[in-house]
Amino acid sequence: MSDGKSQALSRIESILDDASFVELQALVTARSTDFGESEQAPSDGVVIGHGQIDGDLVFIYAQDPSVKNGSIGEMHAKKILSVYDMARKVGAPVIGLLDSTGIRLTESVDALEAVAAIVKKASDCKGEIPEITAVYGTCGGGLSVLASVSDFTFMTKDSRLFVNSPDTIPGNSKEKCDTASAEFQAESTGVVDDYGTEAEVAEAIRSLISVLPSSDREGGRLEEEYTDDLNRAAEGIADKRTDIAAFATEIGDSREFVETKKHFAPTMVTGFIRLGGQTIGVVGNSACKEGRFFLTADGVYKAADFVNYCDSMSIPVLSLINAEGYQKSVEAEKSLPGALAALAYAFAEAETPKVSVYLTKAVGTSFLFMDAKSLGADLVFAYSDTEIASMAPADAAKLLSKDGLDAATFEEKECGAANAARRGYVDRLLTFPDTRKYLISAFDMLATKEAF
């Protein structure tokens, strides 16, 4: 670097608060001499330490591509393992910045075992502390698994993430389908939450840390000081019900929404807002291109993983529900049953506070899996014009016409939010401007919830 700093150190400092980074184990070097290597490896190709993001303690490591191409050896891995151990002891997030050609061939089996040790350590810490990984250069082979083990993953636009490089896949090439690109990993695999320039990735990590609890010991995250009005009216919320990101942004404190996996299965939206200073996980259904609300296998798995994460960190969950059926295809039939089971299990087992809002449509069985009262939602809200029905009235009329029942009669007697409320499946019908106020009140009431 022009300022004399290593690339790894510069990347760390771009993420952390100014002058907050404290480097540890800077004098560690490689031990292998099997090939007569006399060249020393400064810090053995990885910089580790701790610092702060908006005053919050974090632990961080960054592979240094200028030292043996950031390759992983025995001491390199031990330094990374120590980061996880320290973070776990004190209850703080881990941020890993990856840029490596892979295992260090001159260290042979030691290097191979080192990769597995890192993945195991990250797996052991999962659900205890937030784990964020960002790929700044190359991350391939076994080390790429760390990106999926991590809770949240980012990539810079020109970085590479792969198990097998595109040109080694039979019938494929980088030009045909670049399976290692940030776009592919974000849009097709769902491994990557977002991608951009180094500055954009750094800012995304900072935004995420600002809403996450430091560990599972914290019992969620609550900011005592915030400026937004608890009684602020939700402006234009009725017209934002089909766009979950817009809806969540409007109701969140300071109109801020931190979206996760934003490019993958976009009809299922996940992310975080604050309500009255409390971090809330949001999961909801946005409209597809045709304007319909169908659950897809990718979207359902995305939601299940998110709910499981929120529950592990005691983050309350807000379900914003638009659902009227399932994706219809042969491929969907192969994976939807398993996906729906995973989501049902995630919601049913989650002990964190859960509030659901039926937005525009809750039709058939599909909306049940987004956390209906019967699946375990603590409170369920709807609007007076929300369509709630066992089947679309027109479709029901076709089936029941032989008994002389028409769509209008079916809709009057069996459909609608008021009918669901009379049966106890909806706790309150909301007015649009008061949506934010009642959600804050709901999660405040549920703050002392205990499983029984």
Side-chain angles (χ1 to χ4, degrees), residues 211 220-259 269-287 293 310 315-324 347 352-363 367 370-373 375-389 415-449:
V211 295
R221 177 158 184 158
L222 177 64
E223 298 293 336
E224 297 294 343
E225 297 182 6
Y226 54 92
T227 58
D228 207 345
D229 183 1
L230 293 176
N231 295 312
R232 170 172 62 81
E235 297 178 2
I237 205 74
D239 297 328
K240 297 175 182 177
R241 287 184 288 173
T242 61
D243 183 342
I244 297 302
F247 189 98
T249 299
E250 178 58 36
I251 63 173
D253 291 354
S254 301
R255 292 184 171 87
E256 293 176 347
F257 175 51
V258 180
E259 189 170 356
V269 177
T270 57
F272 301 99
I273 59 173
R274 290 192 185 94
L275 286 173
Q278 184 179 21
T279 291
I280 305 294
V282 174
V283 56
N285 321 102
S286 285
F293 302 103
C310 288
I315 298 173
V317 176
L318 171 63
S319 297
L320 300 175
I321 302 171
N322 292 306
E324 56 179 322
F347 274 124
T352 195
K354 296 172 292 182
V355 175
S356 295
V357 183
Y358 298 150
L359 299 179
T360 62
K361 292 178 181 290
V363 178
F367 77 91
M370 289 298 298
D371 204 22
K373 176 78 76 171
L375 202 59
D378 298 301
L379 287 173
V380 176
F381 298 132
Y383 299 103
S384 59
D385 66 345
T386 303
E387 182 181 337
I388 302 176
C415 303
N419 277 310
R422 280 194 288 271
R423 290 168 165 83
Y425 300 121
V426 171
D427 293 292
R428 185 181 183 92
L429 297 182
L430 300 178
T431 59
F432 295 115
D434 289 336
T435 298
R436 169 178 157 82
K437 179 178 72 173
Y438 278 106
L439 289 176
I440 290 174
S441 176
F443 283 112
D444 184 55
M445 180 274 289
L446 291 167
T448 55
K449 173 187 172 181

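Hydrogens, waters and symmetry mates are skipped; everything else that's a heavy atom, side chains included, is used.
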Determine whether [X] and [Y] make a side-chain contact, defined as any pair of heavy atoms from C-beta on separated by less than 4.5 Å.
| X | Y | answer |
| --- | --- | --- |
| I321 | L359 | no |
| T270 | E259 | no |
| R241 | Y383 | yes |

Does [X] use its side chain to pair, donor to acceptor, with the backbone of [Y] at less than 3.5 Å?
| X | Y | result |
| --- | --- | --- |
| T279 | V211 | yes |
| T360 | N322 | no |
| E250 | E235 | yes |
| T352 | I315 | yes |
| N419 | C415 | yes |
| T249 | R255 | no |
| T242 | S286 | no |
| S441 | K437 | no |
| K354 | P316 | no |

Report task. Could you tell me whether R436 and D253 have a side-chain N and a carboxylate O separated by less than 4.0 Å? Result ->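 Between D253 and R436 there is a salt bridge, with a charged N closer than 4.0 Å to a carboxylate O.
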
Heavy-atom closest contact (L446 atom, L379 atom, distance)
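L446 and L379 have their closest heavy atoms at CD1-CD1, 4.5 Å.
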
Discussion item. Restricting to non-hydrogen atoms, name the atom on C310 and the atom on F272 that form the minimum distance, rounded to 0.1 Å.
Written reply: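 Residues C310 and F272, closest heavy atoms: SG-CE2, 4.1 Å.
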
Euclidean distance, R423 CZ relative to I388 CD1, rounded to 0.5 Å =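 That separation rounds to 11.0 Å.
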
Nearest-0.5 Å distance, CG of residue L320 to CD1 of residue I251: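 Those atoms lie 5.5 Å apart.
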
Point to revise | Y358 and its ring-ring contact (aromatic ring centres under 6.0 Å, His included) partner, picked from F367, F293, F381, Y425 | key: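 The residue from F367, F293, F381, Y425 that satisfies ring-ring contact (aromatic ring centres under 6.0 Å, His included) with Y358 turns out to be F367.
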
Margin query: Quiz question: by atom type and distance under 3.5 Å, do the side chains of Y438 and R428 form a donor-acceptor pair?
Written below: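 Present: a donor and an acceptor within the cut-off.
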
(Q) Could you go through D427 and K373, starting from their C-alpha distance and side-chain angles, then the distance that decides it, and tell me whether this counts as salt bridge (charged side-chain N to carboxylate O under 4.0 Å, His left out)? (A) CA-CA 9 Å; D427 293 292; K373 176 78 76 171; 2.5 Å; yes

